[in-house]
Amino acid sequence: MKQEVVETIRKTLELLNRQWGLDSIPDIDIEIPKNEAMGDIATTVAMGLTKILKKPPRKIAEEIVDAIKTNIIPPLPVAMLRSNGSPAPFLKGGEGGFDIFESIEIAGPGFINFRFRKEFFHQELKKLLTKEHSSLRTDTGKGMKVQVEFVSANPTGPLHVGHGRGAAVGNALCNILKAAGFEVQKEFYINDAGLQVKLLGKSVWARYLQLLGDDIPFPEDGYKGDYVESIAKEIINKKGEEYRNKSFEECGGFFTTYAYKMMLANIAKDLKDFGITFDKWQSEKELYEKGHVQNALQNLRQKELLYEKDGAMWFNSTGFGDDKDRVVIKQDGEYTYFASDIAYHKDKLDRGFDTIIDIWGADHHGYIPRIRSALAAFGLPKEKFKVILIQMVALLRRGVPVQMSKRSGEFVTLREVVDEVGADITKFIFLTRRADSHLEFDIEVAKEQSSENPVFYVQYAFARISSIFRQAEERKGQGDDEDKRQCLALLTEDEELLLIKKLLQYPMVFEGSAISCEPHRITYYLQELAGMFHSYYNKHRVISDDAGLTDARLCLCKAVQIVLKEGLNMLGVSAPERM
RNA sequence: GCGCCUGUAGCUCAGUAGGAUAGAGCAACUGCCUUCUAAGCAGUGGGUCAGGGGUUCGAAUCCCUUCAGGCGCGCCA
């Protein structure tokens, strides 16, 4: 739908440019008019040209529309036109050679509004039914390699709902990018080298001794969650009192490794049960072991971007837009967290990704400039690194905030929410907002199978259609799909054309969602589409005595189902046949 | 103090790379189930897009500023 208009405009502009003499033709912006009365699709290209051409926008729009119209008719044979030096007729987009536009009008300050003929909608609907998802996806990525790193929670405790939101967004984004022709790698970065995992190990060690009856103090700022005790108990079961009379220096390695691996396995399971898997789990520790951290710093040193000051090693990040330089090796000789992050992001580049997307909690936003400067130092253009910030989730229960405090160990885990509410609902709700927008998540409301719950609204539309098909089959054996599609011309009700139009808008929504890395656009679209279907369903009967019309309407239902399922798949949410 | 994000209907939020008369859901009110799933539909009301300047054919959107809220500003991770 978009393509036809863009092509028409582009060719027309090329033609007109013989008079205008511009160096290049501007980008052609296409939009769906807010108001149905304004047409099916519109372009603002005339307004955009006012500055360049120094003419009023409506005047330019007139020139464009005149040029389009004079080139529609007469439909001379292509060869004749070409020998004439004129462009081939470009509005015969219909497969039978019909004009695809019903009308082309100028409106407002200089919009050009296009209205398609019914035949065009029927033809496009048929394509959708035949090609299914290949007609819904755009090749935006063209095989570009993109890496998306998300969740990357410290393996020092269970995932909380905030991680869940990041997981849902990251997962959906990856689905979308893959469908949009990107080669995507989903990655989880494991902070298994720092002080935090060591502190976890120490916490488990202390609980272990306490459980065995030793009166030893719990580490300051240690992890106090119940899971720490569970791990300690498990160690007692497996190893008994083997480590009872040893200092943490002696057996800390065991406790630390055991504990974080345990937590990591938990995290992986939580994510799996949430319906999310990763292509790669990258260990920070491994970066050290393979010498990547040392190498990355060496690389910076060769570029003369490191310097020594106050007994520490600094990276000249201000040279790349950071507001202060950052320490990479501390006075005590230890690497900073930033050092391994530099190595990690360099490693991503070395692995050949064209674009790197990091999904972080919004509280890490201050970290962006330094990572950006590190990547810039290694030669990655600014626009190839993108950070998506995930805002906090405010968890509520019947409107009352549920407090989350990792310190006390009394925080609500992703698992608790998923177990109580369900994975589909949780994911969908996480995807109903822009990532960087605050999100209220009311557990009780989410659990209610009510109209307050948008996920049911969308799934219900899908299930309803499935039900219609079950009914249709019971009534009588229908012809095959190809036969039914012959009847599409019978779809002439306003609601039917609106629905088809909405279906044909999906690729634009999808493309926008991929380019902007905003999965929620699909969520909104699905709610709108489901709404239009419910409305149609209530006004018109699909199955009737009119066999042809029934077939046509079944086709329309099928198409709605295809798009609903495609969209839900992108979000990682299931499309149930029954509800 | 500096930086980033946010401020849109009573509530929760969209607003598609500056576009037309700013939208949806919820809440409130009124109707619709002996026919394909009422987890649904139809209808009604609801706005100083936080305030003020500016940029231009045109601003919720871009710039400046004020106010309010959130989050960052370690040789922590």
Side-chain angles (χ1 to χ4, degrees), chain A residues 27 29-35 37-38 42 44 47-48 50-51 56-58 107-111 113 154 156 191 193-197 199 309-314 323-324 326-332 334-338 340-341 361-369 389 391-392 399 432-434 436-440 442 445 448-457 459-461 463-472 474-475 505 508-509 511-513 515-516 518 520-521 523-525 527-528 530-531 533-544 550 553-554 557 578-579:
Chain A
D27 288 342
D29 287 329
I30 294 293
E31 55 184 53
I32 305 294
K34 291 176 192 168
N35 195 329
M38 294 166 179
T44 58
M47 280 115 88
T50 48
K51 280 198 193 84
R58 283 195 71 111
F111 290 94
N113 294 333
N154 275 345
T156 53
N191 290 118
L195 290 171
Q196 295 305 311
V197 285
L199 185 59
K309 194 182 94 182
D310 305 331
M313 189 64 72
W314 298 68
D323 57 353
K324 60 178 90 163
R326 308 289 171 178
V327 170
V328 289
I329 302 176
K330 299 184 264 181
Q331 280 182 341
D332 63 7
E334 293 281 319
Y335 291 104
T336 60
Y337 178 83
F338 181 46
S340 57
D341 250 9
D363 52 339
H364 287 77
H365 68 79
Y367 218 72
I368 297 173
L389 296 175
Q391 264 298 350
M392 295 285 164
T432 53
R433 301 283 179 262
R434 245 177 37 236
D436 62 351
S437 171
H438 286 94
L439 171 69
E440 283 199 356
D442 194 307
V445 173
E448 279 172 29
Q449 303 196 347
S450 73
S451 52
E452 278 193 63
N453 208 326
V455 61
F456 288 119
Y457 188 75
Q459 287 182 323
Y460 184 52
R464 245 186 176 171
I465 296 173
S466 298
S467 173
I468 293 173
F469 279 109
R470 286 192 294 269
Q471 284 283 333
E474 276 178 29
R475 292 278 182 99
Q505 286 168 12
M508 291 174 71
V509 175
E511 186 183 28
S513 176
I515 291 172
S516 61
E518 293 181 343
H520 77 276
R521 294 191 193 190
T523 316
Y524 272 86
Y525 170 88
Q527 294 183 63
E528 289 163 8
F533 174 75
H534 287 312
S535 179
Y536 173 64
Y537 175 91
N538 272 274
K539 191 161 175 186
H540 301 285
R541 284 195 60 83
V542 173
I543 299 170
S544 66
T550 300
R553 288 183 171 171
L554 284 172
C557 286
R578 294 170 197 272
M579 288 175 73

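None of the values given here were measured: they were computed from a predicted structure. Chain A is the first sequence line, chain B the second, and so forth, proteins listed ahead of strands; every chain is numbered from 1.
- As judged by a 4.0 angstrom heavy-atom cut-off over every strand, Glu440(A) is placed among residues touching the sugar-phosphate backbone only.
- Taking only distance into account, the side chain of Asn35(A) never meets the base of A22(B) through a donor-acceptor pair shorter than 3.5 Å.
- For the pair Arg434(A) and A14(B), the criterion of a side-chain N or O lying under 4.0 Å from OP1 or OP2 is met.
- Among the atoms of the strands shown, base atoms are found under 4.0 Å from some heavy atom of Asp310(A).
- A distance of 4.5 Å separates SG in Cys557(A) from CD1 in Ile468(A), rounded to the nearest 0.5 Å.
- Paired with Val542(A) under the rule side chain to side chain contact (heavy atoms under 4.5 Å, CB included), one option of Arg553(A), Gln471(A), Arg464(A) passes, and it is Arg553(A).
- For G74(B), the OP1/OP2 oxygens have no side-chain nitrogen or oxygen of Thr336(A) closer than 4.0 Å.
- Comparing Phe469(A) and Arg433(A) along RNA chain B, the residue whose closest nucleotide (by nearest heavy atom) sits nearer the 5' end is Arg433(A).
- Distance His540(A) NE2 to C41(B) P: 15 Å, rounded to the nearest Å.
- Nucleotide A17(B) is matched to nothing when pairs are restricted to Watson-Crick or G-U wobble geometry with both distances under 3.5 angstrom.
- Toward the 5' end of RNA chain B, the nearer of the two residues Ala362(A) and Glu31(A), judged by each one's closest nucleotide, is Glu31(A).
- One P atom belongs to U30(B), the other to A68(B), and the distance between them is 43 Å to the nearest Å.
- Comparing the P positions of G15(B) and A28(B) gives an interatomic distance of 27 Å, to the nearest angstrom.
- Using atom P as the reference point in both C2(B) and U61(B), the two lie 24 Å apart (nearest Å).
- To the nearest whole angstrom, the two C1' atoms, one in G40(B) and one in U35(B), are 16 Å apart.
- The gap from the P atom of A9(B) to that of A60(B) amounts to 15 Å, rounded to the nearest Å.
- Distance Lys324(A) NZ to G74(B) P: 4 Å, rounded to the nearest Å.
- In this structure, the CG atom of Asp332(A) is 13 Å from the C1' atom of G74(B), given to the nearest Å.
- Listed by chain and number, the residues in a ring pair (Phe, Tyr, Trp, His ring centres under 6.0 Å) with Tyr335(A) are Tyr288(A) (sequence neighbours excluded).
- For Ile515(A) and A17(B), the CD1 to P distance is 8 Å, given to the nearest whole Å.
- Side chain His365(A) to base C5(B): no donor-acceptor pair is found below 3.5 Å.
- Contact annotation: Tyr457(A) reaches the phosphate of C41(B) (side-chain N/O to OP1 or OP2, under 4.0 Å).
- G3(B) atom C1' lies 17 Å from atom OH of Tyr367(A), rounded to whole Å.
- At A42(B), one or more side-chain N or O atoms of Ser535(A) fall inside 4.0 Å of OP1 or OP2 (strictly under the cut-off).
- Rounded to whole Å, the distance from CZ on Phe533(A) to P on A39(B) is 15 Å.
- Annotation: ring pair (Phe, Tyr, Trp, His ring centres under 6.0 Å) contacts of Tyr337(A) (sequence neighbours excluded): none.
- Going from atom CZ of Phe456(A) over to atom C1' of G25(B) covers 16 Å, rounded to whole Å.
- Put simply, Lys330(A) has a side-chain N or O that comes within less than 4.0 Å of OP1 or OP2 on C76(B).
- Computed from coordinates, the Tyr536(A) OH to A38(B) C1' distance equals 19 Å when rounded to whole Å.
- Between Tyr537(A) and the phosphate of A38(B), there is a side-chain N or O to OP1/OP2 separation shorter than 4.0 Å.
- Comparing the same atom, C1', in A59(B) and in G54(B) gives a spacing of 11 Å after rounding to whole Å.
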Review point. Could you write nucleotides 54-59 of chain B as a row of B, S and -, 5' to 3', where a protein heavy atom under 4.0 Å of any base atom gives B, of only sugar-phosphate atoms gives S, and otherwise -?
Key: ---B--
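- Distance noted for atom P between A27(B) and A39(B): 15 Å (whole Å).
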